[in-house]
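Here is the naming used below: chain letters follow the sequence lines, and residue numbers restart at 1 for every chain.
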Amino acid sequence: MAKNNFGEFTKGIIKENPVLVLLLGTCPTLAISSSALNSLGMGIAAAAVLICSNAVIAALKRVIPDSVRIPAYITVIASFVSIVQMLIKAYVPALDKSLGIFLPLIVVNCIILGRAEMFASKNKILPSILDGAGMGLGFTLAITFMGIVREILGSGTVFGFDVTKGKVEPIGIFAITAGGFFVYGILIALVNKIAKRPNQSPGCAACPMAAACHGGAKKEVE
Amino acid sequence: MRSMLVSLAAIVMSSILTENYVLSQAIGICPFLGVSKRMNTAVGMSLAVTFVMTMAVAVTWPIQKYLLLGLGLEYLQTVVFILVIAALVQLVEAVLKKYIPSLHKALGVYLPLITTNCAVLAITVLCATRTDKLIYGMEYGFVSSLVNALGAGVGYLVAMVLFSGVRQKMEDANIPVFLKGLPITLIAASILAVSFLGFGGIVEGILGVA
């Protein structure tokens, strides 16, 4: 049992990494990863929300009627996001400023709703917490790695420290959204090459709402 | 009056070209990558997003201004907005199904997905934070928010339609194996986003607003 639980924790870090393998949470990954520090902050904030929401949803899974589960999950997630938002505003106001609109947008981060729907609603509290912690850590690691790559290329710094010493001209385009798309694409190609996995086509499969949309959209979209 | 129209035009143009949600702010990426394979699904999804965005702003703007700000409950913003959006999407779906079945047939399949589309929550939060500030020389009010939401929706449509064209061309292209699928899609999106950088300063230049 203990070993099993440990597996729930570690799977999110590499084998089922939410960003690089499950391809979830693309919006914050692309938008925030222009600097390593912001990415780390975003990762920790999302991980905190994920752990708490997974725990509460696993605890309430018998109480929540199946037909209104998505709104119920969203309410739970939104409450935790509000708490995290207030904590960040109070203690790290600089981070609040640089994450801006993406802080409230954690509510609609597909990783969090996806884990609620796919894991926490079917499992006990402890495995759900470990799953949340693993997925949160996987998200944090992936987004921070992307942040480091983009910060070196885009502004020649890592966590704000000058590493290129002005010897290499930074490529500004990596600091904006276009660079985010590019780095993310290359990163996924590399991960698939290393893991010897075929590249997926982006589609509805990863979306947590896929089950909720009557299956009608799926047919239409495929 | 004229200056008001100029300000509104500036809001629309900037939300389509320079502040494009998908291509310059990376908001609403999941549907952008997920349903842009074919032109008709791309258009359907974007129209549904535009519709819900405008409706959502029409509902949340008064809530923010008179309820949350009026009672000092700003900290409930995230919870209230997402619940309003979720309820609104259900309502819109039911109303369309009953009264405008043809529109429901075209947009219905996308509606349930839109609750968790970050573009909708993003526009409501953005409009709420801009409330009563000066944007393009005009005090940002209810009309500006609606126009802003409509513009952002049209910007979404533009990005989706352009990108679905690119993806249709890519189907026949000879792509290196390790870039096939998602990686090349993301790189194409990156190039499209770079091309939108060319619009920088166009709004200020054409309309002469600061």
Side-chain angles (χ1 to χ4, degrees), chain A residues 23-24 26-32 70-71 74-75 77-79 81-82 85-86 101-105 107-110 113 173 176-190 192-193 198-204 206-210 212-214 216-222, chain B residues 22-38 40-41 44-45 75-83 86-87 90 108-113 115-118 120-122 125-126 129 177-197:
Chain A
L23 311 176
L24 294 171
T26 37
C27 297
T29 310
L30 291 171
I32 292 301
I70 299 283
I74 292 178
T75 314
I77 296 167
S79 320
V81 169
S82 302
Q85 238 178 319
M86 282 189 254
I101 199 163
F102 285 91
L103 205 50
L105 286 188
V107 179
V108 282
N109 185 327
C110 341
L113 192 62
I173 215 151
I176 59 170
T177 308
F181 279 117
F182 187 79
V183 173
Y184 190 40
I186 297 290
L187 206 58
I188 288 172
L190 285 178
N192 286 344
K193 183 96 180 157
N199 284 332
Q200 307 100 306
S201 217
C204 283
C207 172
M209 299 299 281
C213 65
H214 312 321
K218 207 176 167 196
K219 235 177 274 157
E220 187 95 344
V221 168
E222 279 304 307
Chain B
V22 180
L23 296 171
S24 72
Q25 303 191 37
I27 292 173
I29 300 296
C30 295
F32 175 66
L33 296 174
V35 298
S36 61
K37 224 173 192 168
R38 289 225 230 98
N40 55 349
T41 53
M45 183 63 163
Y75 62 93
L76 283 178
Q77 191 192 57
T78 312
V79 181
V80 170
F81 279 18
I82 192 74
L83 284 178
Q90 296 285 324
V109 288
Y110 307 103
L111 284 174
L113 294 169
T115 311
T116 52
N117 184 333
C118 32
V120 179
L121 185 61
V125 174
L126 180 87
T129 52
V177 177
F178 86 109
L179 285 178
K180 265 194 181 132
L182 187 61
I184 194 71
T185 312
L186 284 165
I187 291 168
S190 156
I191 295 170
L192 189 59
V194 170
S195 71
F196 264 64
L197 284 182

Heavy-atom contact with chain A under 4.5 Å, split by part of [X]:
X	answer
B:Ile27	both
B:Phe81	neither
B:Ala86	neither
B:Val177	backbone
B:Leu197	side chain

Sub-4.5 Å side-chain heavy-atom contact between A:Asn192 and B:Phe178: no

Taking the side chain as everything from C-beta on, heavy atoms only, tell me whether B:Leu76 gets closer than 4.5 Å to A:Ser82. no

Among A:Leu105, A:Asn109, A:Leu30, A:Ile188, which residue has the highest count of heavy-atom pairs closer than 4.5 Å to chain B?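 Highest number of pairs under 4.5 Å: A:Leu105.
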
When only pairs under 4.5 Å are counted, which of A:Val81, A:Val183, A:Leu190, A:Ile173 shares the most heavy-atom pairs with chain B? A:Ile173

Which atoms form the tightest heavy-atom contact between A:Ala178 and B:Val194, and what is the distance?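 Heavy atoms only, the tightest pair is CB-CG2, 3.5 Å.
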
In terms of heavy-atom contacts, B:Ala189 and B:Leu23 come closest through O-CD2, 4.2 Å

Return yes if a side-chain donor-acceptor contact under 3.5 Å exists between A:Thr177 and B:Gln25, otherwise no.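 Distance-only check fails for A:Thr177 and B:Gln25.
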
Nearest 0.5 Å, please: how far is CG in B:Leu121 from CD in B:Gln77? 8.5 Å

For chain A, which candidate among B:Ser36, B:Ala87, B:Ser190 shows the most heavy-atom pairs at distances under 4.5 Å?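 Among B:Ser36, B:Ala87, B:Ser190, the one with the most close pairs to chain A is B:Ser190.
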
At a heavy-atom distance under 4.5 Å, which candidate from B:Cys118, B:Gly28, B:Ala193, B:Ser195 has the highest pair count against chain A? B:Cys118

Heavy-atom donor-acceptor pair, B:Thr41 side chain to B:Val35 backbone, under 3.5 Å: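 Judged by distance alone, yes, a pair lies under 3.5 Å.
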
